[in-house]
Engineer: 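The structure's right below; bear with me while I get my questions together.
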Amino acid sequence: MNSLQLYNTLTRTKAIFEPLNPPFVGMYLCGPTVYGYAHLGHARPAISFDVLFRYLKHQGYQVRYVRNITDVGHLADEVNDRGEDKLIRQAKLEQLEPMEVAQRFTDAYHIDMDALEVLRPSIEPRATGHIPEQIRLIQEILANGFAYEAHGSVYFNVRKYNESYPYGTLSGRKIEDLMEGYRTLEGQDEKQSPLDFALWKKATPEHLMQWDSPWGRGYPGWHIECTAMSTRYLGTTFDIHCGGLDLMFPHHEAEIAQANAAFHPCEGTHRNEARTWLHCNLITINGQKMGKSLNNFITLQQLFTGNHPALERAYAPMVVRFFILQSHYRSTLDFSNDALTAAGKAYRKLSDLLYSLQQLVLYANDVEDDGNPVWEIPRNLEKNCLDSINDDLNTAKVIAHLFGVSTWFNTLKQDVKLLQSLPGQVLKKMVNVYETWFQEILGLQLIEPPSKEILAGVMELVISFRQQAKLAKDYASADKIREELQLLNITLKDSREGTYWSYEPKQE
RNA sequence: GGUGACAUGGCCGAGAGGCUAGGCACGGGUCUGCAACACCCUUUACGGGGGUUCGAAUCCCUCUGUCACCUCCA
């Protein structure tokens, strides 16, 4: 497979990816609503589409990757809760400004994503920073006749829209089917139809976040922000829109409707906002979706620290990343301690493999391609990885290919003669291919070198061995330890209370 | 009720008409002062029942089970 194929939710088929304006690629991912800490579920789209971002860049595209921050909360519970905003609810609970809540969880999100080696997007727009854009978009939709105003709120007219464009193409829904589901609901007096959704909501005086608009003071609806921000930075039709499966309906469906109604009102053919729509599946826990509303989620911080009753131990961020990449993004992925532990061991194996390769290549000879069939190994690895990622981002298969060379290499490592007989450039090629796929594209990093805590533990151990030598009157060994450490700029200081150590780099 | 998925060996998970995916775990062995690592061997699966085919885990029908969406959710 020579070129990237992606499964487009719109067409339900895989198709070769062709950018609208090569070498430029625009991609958008619906980012987090920042009213709580990110959980394992948030990691999935961030990581899956991070790999896409990395791969597109690797292929030489100039990618503008927009991932928004939703800091005007969506409505918490429209029917029962008088439409209280999630962020506002959280702010009231904690006696904070809504923006304080948003800031705190945005920062936390960044910390978690950085730990997972998720690259920062090209643009990370905030919904509250794009209120004028959202208002303008609503005005367009109103002017084109696809929305109506009611008591200071504005609603999208789904039935009207459906006369010009098929509504529900992304999620495979028909308006009649949807109506059946709504029959039981009541209230919603302002809406002409229960299918309609708010573009702008009138704010009550107590509402903490509100803005002036042509329709009075209020706040934007639940779907308009993404249409406003994606089209602002990527154009009215762009390449790739991604998100979690649970956003497909109604969020993405609404986005498409809004974009068509605002930008392509007379065309009859709908542009769908983005040409390719990608959806990653959900992470389940005991076969059930992990979600805030179900209250069965595990935050990333809990995962990293092991501080959760469902966790048998802590899992490093790279283990979490590896765990997610070991399945295909469109499959459900079931969380369990066993699965995470297995992923951790597998990740360590690959990490060790790359580390040894990097060490060994330092001693490689300069023999170039000499027709030795061993050259096929790195070449095949590269080709296989490429074929797999091109097949709708099959990272699971890429990982399998990386494992494919482990036996060959580990055997080689233990056989000096065989190693010396090898053209050295093969190893260099191997390192190059491995680094490209493991680090650059999958975004997996090597297991971290020893930290400060480890050094402290090791020093304690060394000092205790020296103490034993002194007690045994083996002063030669004791002095040797002190002298050798001094060569590493570590000074041992004996005192009545015990031995201390300090590190002082020598001034050259 | 409507819509859409999915069921793969002890576990996790790719694959999608013929060719061992892979990882983890288990058992046996080599190496090793012990351990770890590594290597070798072993274990061969596609929910049930029909059908299409020379051949099906892969296509079709059917049954069973699980899940998701239809309301905020990554």
Engineer: Quantified in whole Å, what is the P atom distance between nucleotide B/A7 and nucleotide B/C12?
Structural biologist: 12 Å
Engineer: Between P on B/C73 and CG on A/L29, what's the gap in Å once rounded to a whole number?
Structural biologist: 13 Å
Engineer: Check this for me: does the side-chain of A/K289 come within 3.5 Å of the base of B/C67 through a donor and an acceptor?
Structural biologist: no
Engineer: Should the pair A/D71-A/R126 be classified as a salt bridge under the 4.0 Å nitrogen-to-oxygen rule?
Structural biologist: yes
Engineer: Hey, would you say the A/F105 and A/Y35 ring centroids sit under 6.0 Å apart?
Structural biologist: no
Engineer: Go through B/C70, B/A74, B/C11 for me and flag the one nearest to the A/D338 side chain.
Structural biologist: B/C11
Engineer: From CG of A/D246 over to P of B/C72, roughly how many Å is that when rounded to an integer?
Structural biologist: 11 Å
Engineer: Report which part of the nucleic acid A/D334 touches: base, sugar-phosphate, or nothing (heavy-atom distance under 4.0 Å, all strands).
Structural biologist: sugar-phosphate
Engineer: Do A/K397 and A/D391 meet the salt-bridge criterion of a basic N to acidic O distance under 4.0 Å?
Structural biologist: no
Engineer: Give a yes/no answer on whether the side chain of A/T332 brings an N or O atom under 4.0 Å of OP1 or OP2 in B/C6.
Structural biologist: no
Engineer: For B/A14, take OP1 and OP2 only and decide whether either is under 4.0 Å from a side-chain N or O of A/S327.
Structural biologist: yes
Engineer: Which protein N or O atoms sit under 3.5 Å from an N or O of nucleotides 17-23 of chain B?
Structural biologist:
none

Engineer: For A/S336, report the nucleic acid contact type (base, sugar-phosphate, nothing); a contact means any heavy atom under 4.0 Å.
Structural biologist: nothing
Engineer: Could you check whether A/R67 makes a cation-pi contact with A/Y28, meaning its NZ or CZ is under 6.0 Å from the centre of the six-membered ring and within 45° of the ring axis?
Structural biologist: no
Engineer: Have a look at A/M248 and say if it touches a base, only the backbone sugar-phosphate, or nothing, with a 4.0 Å heavy-atom cut-off.
Structural biologist: nothing
Engineer: Determine the stems involving RNA chain B; a stem requires 3 or more consecutive pairs of the Watson-Crick or G-U wobble kind, each with both distances below 3.5 Å, and the answer is none if no such run exists.
Structural biologist: B:1-7 with B:64-70, B:10-12 with B:22-24, B:27-30 with B:38-41, B:47-51 with B:59-63
Engineer: Using a heavy-atom distance cut-off of less than 4.0 Å, which residues of residues 41-53 of chain A contact RNA chain B?
Structural biologist: A/G41, A/H42, A/P45
Engineer: Give the nucleotide from the list B/A74, B/A14, B/C72 with an atom nearest to the side chain of A/P250.
Structural biologist: B/C72
Engineer: For nucleotides B/C46 and B/U8, find the distance between their C1' atoms and express it as a whole number of Å.
Structural biologist: 4 Å
Engineer: Mind checking if A/S388 touches a base, just sugar-phosphate, or nothing, with heavy atoms under 4.0 Å?
Structural biologist: nothing
Engineer: Could you tell me whether the side chains of A/H279 and A/H252 share a donor-acceptor contact shorter than 3.5 Å?
Structural biologist: yes
Engineer: Can a salt bridge be assigned to the pair A/D196 and A/R159 using a cut-off of 4.0 Å between side-chain N and carboxylate O?
Structural biologist: no
